[in-house]
Amino acid sequence: MQPGRTSRKILVVEDDPAVLQLIVTRLAIAGYTTFEARNGQEAIRRIAEVAPAAVVLDINMPLVDGFAVLKQMHRNGQTNDIAVLVLTARNQPRDVREAIALGARDYLAKPFKDQQLLARVARLFRRPTS
Amino acid sequence: MRSIEPAVALRWADMASELAGVAYWWMDAATRKIRWSPNMFKIFGLSPDTVPSLDLAMQLVHPDDRERANSNLESNLLGASLPSATRIVQPSGEIRYIEGRSACEYGLAGEVIAIYGTVHDVTDRRIAELALADSEARYRLLADASSDVVLRVNVDQVIEYVSPSIRRYGWTPDDMVGKTAAEFIHDDDVERVLGHAAAEKYHSGAPSAPDQSYRLLQADGGYAWVEANSSLVRNADGSILAFVCQLRDVTERQAATQALAESEARYRVIAENVGDVISRAGVDGRFSYLSSSIKAVTGYDARELLGASMVRLIHPDDRSRVLDEYRQILASDTPAPASLVYRAQHKAGHWITIEASPTVIRDSRGAPVEFLSVTRDVSARVQLEGELRAAADAAAAAAATKSNFLANMSHEIRTPLTAIIGFANLLSQRGNLDDVAETYVQRIGRAGDALLSIVNDVLDFSRLEASQCEIRPEPAAPVDLAKDVLAMFEPQANAKGLQVAFNTVGEVPAGVLIDKARVRQILFNLVGNAVKFTEQGEIVVTAEYDFVAHQLLIRVTDTGPGLSRADQDKLFQRFSQIDASSTRRHGGTGLGLAICKGLVEAMGGAIGIESLPGRGATFSFSIDAKPCSLPEACAEEATPALEGVRVLVADDNSNSRELVRTMLTAVGAEVTDAEDGVSAVSEAVSMPFDIILMDIRMPRQDGPAALRQIRQTVGPNRFTPVIAFSADVELDGIDRDAFDGVVGKPVSSRDLIGGLHRCLHDTWLASEAIDATG
């Protein structure tokens with residue numbers, strides 16, 4: 001999982017099908033290769049299958065939520081390096097801090113504008129070579 | 001007698017009288033010739049050769065006693081014999097006291113032939129008697145002068161003596177002497193004072209009887225309270241001769257005692273008849289008195305608890321607290337707390353809640369003597385309070401639930417709505433739709449926007465209701481703000497044939513600190529309503545500034561239908577629209593004005609309306625708006641190039657931080673503050689930022705050190721660009737290359753935003769490149 005423009009695979013995890021579809025469409029138009037997951041369990045499976053460069057992860061999901069997915073990713077040495085952008089409800093700094101502590105790279109509060117989503121996702125892929 | 005010579009007989013008689021110390025005399029009844037025994041001459045202080053005679057004797061009698069002596073003499077002649085102490089004055093002037101006795105000698109026919117008698121010198125005895133009488137008189141004088149009454153009563157309880165002070169009760173001593181004491185004592189007190197038991201006690205040998213009080217009969221038939229202090233007078237053989245009593249008037253004291261007793265009795269009657277329990281308990285907590293209402297409250301009779309500790313009744317869980325409170329009351333001089341509420345066990349076993357109001361009774365030195373408490377059963381009240389609290393909690397919980405529900409619902413609705421609006425935009429942007437499809441897509445978008453604003457209204461309102469609405473003042477140009485909103489509605493107004501106008505009254509500052517978004521929201525509502533409800537005429541927006549109160553006042557005047565007073569009152573209430581038809585015609589949630597009111601109040605102002613039906617309406621609101629200078633970017637209406645960019649500003653100077661915040665929020669950035677390097681690192685490890693502005697010199701940890709720590713820490717900002725924010729002089733000796741850029745101080749808006757732009761260009765702004773290449 002090396003950074004760079006070669007891998008543009010991105011997994012979008014969102015339990016609301018309409019929002020999922022909107023994000024995926026937006027990102028596809030912007031040139032990313034998108035994959036979908038509708039819940040936490042599916043997300044964990046798809047991460048293993050797809051090996052995405054980045055994940056857009058909704059925090060508020062029933063049963064296995066975004067935090068649980070982050071914890072699982074963190075435990076797995078193969079996946080703990082994947083850049084994750086979490087989607088949180090507005091004005092929930094505690095959720096943000098917890099997600100960051102669990103390894104998320106960035107966050108975006110719902111509802112968001114297309115440009116903000118695209119800018120945040122772009123940042124996930126721009127990782128300095130050190 | 002005949003066998004003895006008369007002369008011999010006389011000599012013998014003289015000798016006998018000499019030996020007995022008694023003189024005698026003899027007088028011939030017929031001749032009145034007198035013969036004295038030799039010692040008679042001694043008594044009278046005369047020489048033995050003096051010729052005795054009755055006249056001579058009478059001459060020597062003390063003039064004061066002469067009359068009595070004469071009558072005595074007459075009596076003696078009649079044959080009686082009366083002892084009497086008569087003074088004689090000897091020729092030397094010495095006074096002697098004598099007593100005499102006489103008898104008659106009768107002839108054969110029974111006729112008196114002679115009178116004879118004895119004379120006895122009693123001077124020594126008499127002097128002793130007088131000395132005694134004198135001392136008695138002196139004591140008597142004391143007794144008579146005292147206001148106390150001195151009384152001597154013999155063993156038969158007959159009054160022998162009463163001091164004249166008895167007059168204060170209307171009696172004279174003569175009224176009482178010789179009568180029994182019982183006649184002068186109240187019937188109810190007689191037995192106690194003089195009865196068998198009392199007598200026994202005296203006779204038992206008590207040296208003096210204890211003081212006792214009783215009622216003394218007065219001459220007018222009334223009674224006076226006296227306190228008697230009695231002592232016994234005994235004979236040499238120890239038998240009782242009399243009682244001497246000193247009577248002191250205690251009527252007033254008794255009246256006071258009586259009044260006290262009556263008042264106590266009255267209070268007792270009150271205590272026994274009120275529902276509250278009145279109790280007295282020692283400082284050890286043991287009850288010494290409990291009013292009868294204790295039974296109704298605790299089920300116990302007062303008798304069952306007297307002497308018992310009050311602690312026994314207190315619930316174990318409340319015990320230590322209540323005892324602490326009591327100790328505190330004892331220890332401090334402060335009055336007892338208004339009430340002490342605790343649980344106590346009813347005799348039946350269940351627990352009741354009681355409220356006690358204890359007061360400490362202290363002696364003259366301030367030492368606590370006892371607790372006086374009024375205690376009542378407040379179980380019903382406490383239960384009611386509990387129920388009320390539960391009801392209030394339930395109501396609050398219900399309100400919170402409602403608020404949460406609204407927030408959740410809004411969120412749930414908004415999420416798919418975002419998709420609807422988003423897809424409509426995507427469709428529209430494809431550009432290959434036919435006209436009909438394009439119209440439909442626009443309608444979907446507009447309906448989505450309308451729905452979104454309703455949902456936002458509901459969310460806003462629930463936040464306002466829960467006081468969760470945050471007001472964020474920032475520098476803004478109030479005139480431009482109002483004009484912008486008016487301009488947005490201008491096409492809509494013009495389409496209805498309405499004119500719109502803006503003007504200012506007096507001077508309005510170019511820049512003020514207000515929450516721009518919220519003020520815009522209020523103006524949107526007011527101007528929107530004006531356009532919505534006005535069919536002809538004009539809409540005028542006026543801005544005015546109060547330089548004293550630092551408040552911005554904005555009016556929105558229309559020439560619409562106006563509102564009646566009753567309608568005006570309902571206007572700012574939630575979910576109120578003037579009538580149902582208006583809702584159908586004009587849409588909306590009916591929350592708009594209620595939200596405006598909430599927002600205006602949250603901003604320290606007020607909103608109101610002036611209107612007459614058919615004459616249009618003027619809505620006005622005022623908000624706190626301190627004047628401020630406007631950042632250049634704001635004034636220039638620069639493109640919000642930093643919209644959504646998260647900036648961490650680390651600077652120990654609060655003015656500096658405030659300035660940067662003002663400049664950056666004006667162009668849409670989200671700013672977080674840190675006052676030194678340590679806080680900056682702490683923020684940087686937990687929240688991701690897009691860029692960090694770092695002062696060089698800061699307390700605790702300077703900029704370069706904080707930078708190193710952020711770079712070395714695996715965290716969300718390990719690769720975040722960090723700009724040195726400092727005066728050039730401070731950069732000497734600093735590794736400039738460690739930073740991603742430099743913004744100098746003093747800072748200008750242009751330099752700051754330009755510096756951030758350059759730094760962000762490769763990261764943040766690259767999204768457009770990706771978008772374009774995708």
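Not measured: the values here are computed from a predicted model. Computed from heavy atoms alone, side chains included, the values below leave out hydrogens, waters and symmetry copies. Chain A is the first sequence line, chain B the second, and so forth, proteins listed ahead of strands; every chain is numbered from 1.
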Quiz item: Between Gly644(B) and Arg120(A), what is the shortest heavy-atom contact and its length?
Solution: O-NH2, 3.0 Å
Practice problem: For residues Val685(B) and Ile100(A), report the shortest heavy-atom separation together with the two atoms involved. | Solution: O-CG2, 4.2 Å
Quiz item: Between Arg646(B) and Tyr107(A), is NZ or CZ placed under 6.0 angstrom from the six-membered ring centre and within 45° of the ring axis?
Solution: yes
Quiz item: Hey, which of Ile23(A), Leu108(A), Thr25(A) has the most heavy atom pairs under 4.5 Å with chain B?
Solution: Thr25(A)
Quiz item: Among residues 35-45 of chain A, which residues come closer than 4.5 Å to chain B, judged by heavy atom distances?
Solution: none
Exercise. Using non-hydrogen atoms and a 4.5 Å limit, figure out which bit of Glu98(A) sits close to chain B: side chain, backbone, both or neither.
Key: neither
Self-check item: Between CZ on residue Arg123(A) and OG1 on residue Thr720(B), distance to nearest 0.5 Å
Solution: 5.5 Å
